[in-house]
Amino acid sequence: SGDAKVMRIPILLWLALLLVNCIAGSLPADQRPRLIVLTDIGGDPDDTQSLVRLMVYANEFEIEGLIASASGTPGELKEKVTKPELIREVVKAYGEVQNNLARHASGYPPAEQLLARIKSGNPNRGLEAIGKEHDTDGSQWIIRVVDSADERPVNIAVWGGQTDLAQALWRVREDRGDDGATTFISQLRVHDIADQDGIQHWIYENFPDLFYVLNKAASGKDKRESVFRGMYLGGDESLTSREWIDRHVRNGHGPLGALYPPKTYTSPNPHGALKEGDTPSWLYFLPNGLSDPAEPSWGGWGGRFQAAERGLYRDSQDTAGKATDARATVWRWRPAFQNDFAARMDWCVKPPGEANHNPVVVINGDRSRDVITLTAAAGTSVALSAAGTSDPDVHVIAYKWWTYAEAGSYHGDVVIADSTRRTSTLAISADSTGKSIHVILEATDDGQPPLTSFRRLVLNVE
């Protein structure tokens, strides 16, 4: 009919705009964080779980190295071996869905590029594997990446052992002296899960200025209290169940999702399914508008940490609900990051019109993902505006403004008027002079799954 023809053009235009808007949401290549992963893949299958998740976020990073370190935890396996072939298997499966992922967002690298960046490290580990004649393809690759002409920091996520990183540091100091080593480490940020090779003390003693997040429970505490275990312990653990991963990852999501291991050891989590204990190391560097990797005490999907010694950061803790726990610094974000993962797994197989995409958040006129810093006087008010925020799928967006008390230095009551409206006002208390207040904006759409985008505003009070 004539009416049908009239309607067809706006629908086609809407679909075209939808595709453009989805692609436009990615960061430019020169703004993506550089990332090297050291993984002990081949032991606990949770490394493969973490790698599958990383692949659907490959467009958010410049992944410059996937290094197979000594497989398993010390003593877990009967042989000393690295297993880069397991990394290649996941990357090849990513290659089968890369074209469809690229329909949803720009920046997904070709699998061939990632395959060329897979390296093998040392099958041996610890101090006895550092020094002369212990260089590996992995340690040499770390040096090559850091030496490249790129001013962005090199972020190193240590999922297993740090021996190849330590060897790279040793080699640089041996060849370039203390000044050369100082220049080299100034370009690094390290997030280490659990000091698996037991050599973090050696790294700190020899390179105390290295930016180093040690994600590990303090001495004397139960090891299960480490920040990274908030990936699967505490909070809503139903989001880590076999039912959840089968529905959102393993079944009907293509060859990449099919590689996601369905079972691992998660006690005292009863599900024995999703663990991903290493995932917080790279979530820490993910540019999602919520965190700043240069500020460990601010917190985000990868956890929150506090300065311990020069250059070294250790586990901190948050209060979420009635619990005050280091793991809460991760689990408090689990509903958001699990929905985000589920949506990206949909991107592996669905066309853009059948999948959900994150709202694009504008805060006080700023459309970037950067943390915004403002200065205001005590006793005044600050306008908070999300005007201009949009959803590429034209979903309804719900807003939530709140203060992240643990991240700031002011711990009194903060009043945000109309905290669930697009535009709000924060009243600055008279006793907050010299303090900082961290305001978080959550913009959540009503798609399936519902997706939340974040922005942070840091208010310094004068």
Side-chain angles (χ1 to χ4, degrees), residues 189 211-213 215 218 227 230 284-285 287-333 336 361-366 368-387 399-443 452-462:
R189 292 177 183 153
F211 183 105
Y212 203 103
V213 173
N215 192 331
V227 160
Y284 177 84
F285 299 114
N288 65 353
L290 176 61
S291 58
D292 182 345
E295 301 289 349
S297 66
W298 288 6
W301 284 6
R304 199 171 67 81
F305 306 87
Q306 57 193 358
E309 299 177 74
R310 171 179 158 195
L312 178 65
Y313 301 87
R314 298 295 304 267
D315 291 14
S316 191
Q317 60 183 17
D318 283 356
T319 298
K322 297 181 179 180
T324 299
D325 195 306
R327 295 167 295 192
T329 69
V330 173
W331 90 51
R332 70 184 306 160
W333 313 107
V361 179
V362 179
I363 182 170
N364 288 10
D366 188 303
S368 74
R369 300 186 196 177
D370 297 336
V371 173
I372 296 174
T373 302
L374 294 180
T375 301
T380 63
S381 295
V382 172
L384 305 173
S385 174
Y399 298 91
K400 178 182 178 182
W401 300 89
W402 57 280
T403 56
Y404 193 170
E406 293 92 341
S409 58
Y410 179 68
H411 302 303
D413 292 334
V414 178
V415 177
I416 299 179
D418 301 319
S419 62
T420 59
R421 296 175 66 90
R422 177 179 289 203
T423 301
S424 182
T425 304
L426 182 147
I428 306 173
S429 299
D431 64 347
S432 60
T433 299
K435 304 293 186 179
S436 65
I437 300 170
H438 286 236
V439 180
I440 307 298
L441 169 62
E442 298 181 7
T452 301
S453 293
F454 297 86
R455 292 297 300 275
R456 181 189 300 245
L457 186 150
V458 178
L459 183 63
N460 295 312
V461 185
E462 293 183 346

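Side chains included, hydrogens not; waters and symmetry mates left out as well; all remaining heavy atoms used. Being a predicted model, the structure only gives us computed values, none of them experimental.
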Asks: Starting at CD of Q306, measure out to CG of D315 and round the result to the nearest 0.5 Å.
Replies: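 Nearest 0.5 Å value for the CD-CG distance: 8.5 Å.
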Asks: Just one of I440, V371, D366 clears the side-chain contact (heavy atoms from CB on, under 4.5 Å) bar with R455, so which one?
Replies: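 It is D366, the one option of I440, V371, D366 that forms the side-chain contact (heavy atoms from CB on, under 4.5 Å) with R455.
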Asks: Hey, does the Lys NZ or Arg CZ of R189 hover above the aromatic six-ring of Y284, less than 6.0 Å from the centre and inside 45° of the axis?
Replies: no
Asks: Are more than 12 heavy atoms, taken from residues, nucleotides or ligands other than R421, located less than 6.0 Å from that residue's CZ atom?
Replies: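 Counting neighbours around CZ of R421, 12 or fewer heavy atoms of other residues, nucleotides or ligands fall under 6.0 Å, so no.
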Asks: Measuring from T375:OG1 to L459:CG, what's the distance to the nearest 0.5 Å?
Replies: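 The distance works out to 7.5 Å.
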Asks: Taking all non-hydrogen atoms of both residues into account, name the closest pair between V361 and A443 and its distance.
Replies: CG2-CB, 3.8 Å
Asks: Would you mind telling me which of T319, D325, D318 makes a side chain to side chain donor-acceptor pair (under 3.5 Å) with R332?
Replies: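 For R332, the side chain to side chain donor-acceptor pair (under 3.5 Å) test succeeds with only one of T319, D325, D318, which is D318.
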Asks: Using only atom types and a distance under 3.5 Å, with no angle test, would you say the side chain of R314 pairs donor to acceptor with the backbone of A308?
Replies: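 No, R314 side chain to A308 backbone: no donor-acceptor pair under 3.5 Å.
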Asks: Nearest 0.5 Å please: distance from the CG atom of D418 over to the OG1 atom of T423.
Replies: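 Rounded to the nearest 0.5 Å, the CG-OG1 separation comes out at 9.0 Å.
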Asks: Report yes if the side chains of F211 and P296 come closer than 4.5 Å at any heavy-atom pair, otherwise no.
Replies: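 Side-chain contact under 4.5 Å: yes.
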Asks: Drop me the distance from L426's CG to L457's CG, to the nearest 0.5 angstrom.
Replies: 8.5 Å
Asks: Give me the atom names and distance for the closest heavy-atom approach of A376 to I428.
Replies: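 Shortest heavy-atom separation between A376 and I428 comes out as CB-CD1, 3.5 Å.
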Asks: Is a donor on one side and an acceptor on the other found under 3.5 Å between the side chain of W401 and the backbone of V439?
Replies: no
Asks: Under the 3.5 angstrom rule, does the side chain of S436 hit a backbone N or O of S409 as a donor-acceptor pair?
Replies: yes
Asks: Quick check: closest heavy atoms across S424 and I416, and the distance to 0.1 Å?
Replies: OG-CG2, 3.0 Å
Asks: Locate the shortest heavy-atom distance separating A378 from A430; write the atom from each residue and the value.
Replies: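 Smallest interatomic distance, heavy atoms only, reads CB-O, 3.8 Å.
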Asks: Is V382 close to L384 at the side-chain level, that is, under 4.5 Å between some pair of heavy atoms?
Replies: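 In short, these two side chains touch, coming nearer than 4.5 Å.
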Asks: Using 30° and 60° as the class limits, which term best fits the ring planes of W301 and F454: parallel, tilted or perpendicular?
Replies: perpendicular
Asks: Using modelled atom types and a 3.5 Å cut-off, is there a donor and acceptor pairing between side-chain atoms of H411 and backbone atoms of A405?
Replies: yes
Asks: What I'd like to find out is whether the side chain of W298 reaches to under 4.5 Å of the side chain of S291, using heavy atoms alone.
Replies: no
Asks: Can any side-chain N or O of R456 pair as donor or acceptor with the backbone N or O of L290 at less than 3.5 Å?
Replies: yes
